[in-house]
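Reading through the structure tokens given below for one structure.
The chain is numbered in sequence order, starting from 1.
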Amino acid sequence: MSEEQRHPRALTIAGSDSSAGAGIQADLKTFAALEVYGLSAITAITAQNTLGVRAAFELPPELVEAQIDAVLEDIGADAAKTGMLATAPIIEAVARSVARWKLRLVVDPVMAAKSGDPLLRPEAVAALRGVLLPLAEVVTPNLPEAEMLTGRHIETLEEMREAARAIHDRGARHVVVKGGHRLDAPIDVYFDGTGFSELRAERIETRHTHGTGCTFSAAIAAFLAHGLSVAEAVAEAKRYVTEAIRHAPGLGHGHGPTEHFWQWRQSKEAQTR
């Protein structure tokens, strides 16, 4: 096998964020930071900054599918992730591609921006549940997304476990219900279809958390591309995104981006001491 073929590759299927804190921009930066060659298929173009989404344009489903086919038939991918999919026809097109290419898929069920602006049409939730979740190796909802996917209120750790089991029952093989929206400690619940584990980290008091969901799911895909198990990939992704939040550059007047290249910056700072 050639050196080029051994290089880990990951594909992001998501929307474009003009502020580059979330969406394909965050995903590609995460892939690069974790030494994975990143590929992209854009589903929508948004005009947004750290204060909110001003406009969004969804691409035709056939163009989304064509992008996926173009990169995979030439370069291939060891893992893939989805982000903003916006509409049922786009979800269905992505699902066809995932099944055709047998992609190892991480689904970030993006429904709203950090500002609260909707990024998924209400009628598309059923397609996300019924068409895409059964194809997911991993799905990573936050609490509001998990509530939408399950139709139940979620607050306690036990309710998070119940939601993870319910999402797993819809076909997703591994589920991470993220606890960042909890008033208590930001504990994530991971379910592998057999048992539960908790991913713990301290709460970092900051408003600069734009794109954390994108970054977390992209990191899982990157670690899967490197050959880690799902449990290992999820744990490493949790550590990576926690430090990305800790080292956020403080940009913008709203919910600013995280620092995707915090490891590189730490290494550079150490060399100059």
Side-chain angles (χ1 to χ4, degrees), residues 10-57 81-86 106-120 140-145 176 178-181 186 188 199 201-223 236-269:
L11 167 66
T12 170
I13 307 167
S16 170
D17 170 10
S18 51
S19 73
I24 61 161
Q25 288 87 345
D27 295 342
L28 291 174
K29 284 189 280 189
T30 300
F31 293 161
L34 298 176
E35 300 183 309
V36 170
Y37 185 79
L39 306 159
S40 65
I42 301 174
T43 61
I45 299 169
T46 69
Q48 65 175 290
N49 55 28
T50 65
L51 298 172
V53 179
R54 297 185 179 182
F57 176 78
K81 64 145 292 186
T82 60
M84 176 185 177
L85 299 179
V106 180
V107 173
D108 180 12
V110 173
M111 296 182 183
K114 187 68 67 178
S115 59
D117 296 288
L119 297 175
L120 181 71
T140 62
N142 59 30
L143 290 192
E145 291 161 350
V176 183
K178 298 177 294 188
H181 286 77
D188 301 341
L199 303 170
E202 76 275 25
R203 185 178 296 280
I204 300 169
E205 296 300 332
T206 177
R207 60 183 168 85
H208 298 292
T209 55
H210 182 54
T212 49
C214 303
T215 299
F216 178 62
S217 55
I220 294 174
F223 287 120
E236 287 298 314
K238 176 73 170 181
R239 184 183 72 86
Y240 171 78
V241 75
T242 298
E243 293 305 311
I245 296 169
R246 191 189 313 279
H247 293 89
L251 301 175
H253 295 89
H255 296 288
T258 64
E259 176 52 83
H260 296 89
F261 295 99
W262 62 267
Q263 294 162 305
W264 177 82
R265 293 190 181 279
Q266 275 191 339
S267 176
K268 184 178 178 181
E269 290 170 1

When you measure from the side chain of [X] to the backbone N and O of [Y], does any donor-acceptor pair fall under 3.5 Å?
X      : Y      : result
Thr206 : His208 : yes
Thr43  : Met84  : yes
Tyr37  : Phe31  : no
Thr46  : Ala56  : no
Thr12  : Ser40  : no
Arg207 : Gly256 : no
Trp262 : Ile245 : no
Ser16  : Ile45  : no
Asp188 : Gly179 : yes
Lys81  : Ile220 : no

Check: Does a sphere of radius 6.0 Å around CZ in Phe261 hold more than 12 heavy atoms from other residues, nucleotides or ligands, not counting ones at 6.0 Å or beyond?
Finding: yes

Any chance you could measure [X], atom [atom1], to [Y], atom [atom2], to the nearest 0.5 Å?
X      : Y      : atom1 : atom2 : value
His255 : Ser19  : NE2   : OG    : 12.0 Å
His210 : Leu51  : NE2   : CG    : 10.5 Å
Leu251 : Thr258 : CG    : OG1   : 10.5 Å
Thr242 : Glu202 : OG1   : CD    : 6.5 Å
Cys214 : Lys29  : SG    : NZ    : 11.0 Å
Ile13  : Leu39  : CD1   : CG    : 10.0 Å

Note to self: In the structure I gave you, are the side-chain heavy atoms of Met111 and Asn142 within less than 4.5 Å of one another anywhere?
What the structure shows: no

Next item on the list: Report yes if the side chains of Glu145 and Asp108 come closer than 4.5 Å at any heavy-atom pair, otherwise no.
Entry: yes

Checklist line | Taking every non-hydrogen atom, the tightest pair across Gly21 and Pro257 | finding: CA-CB, 3.8 Å

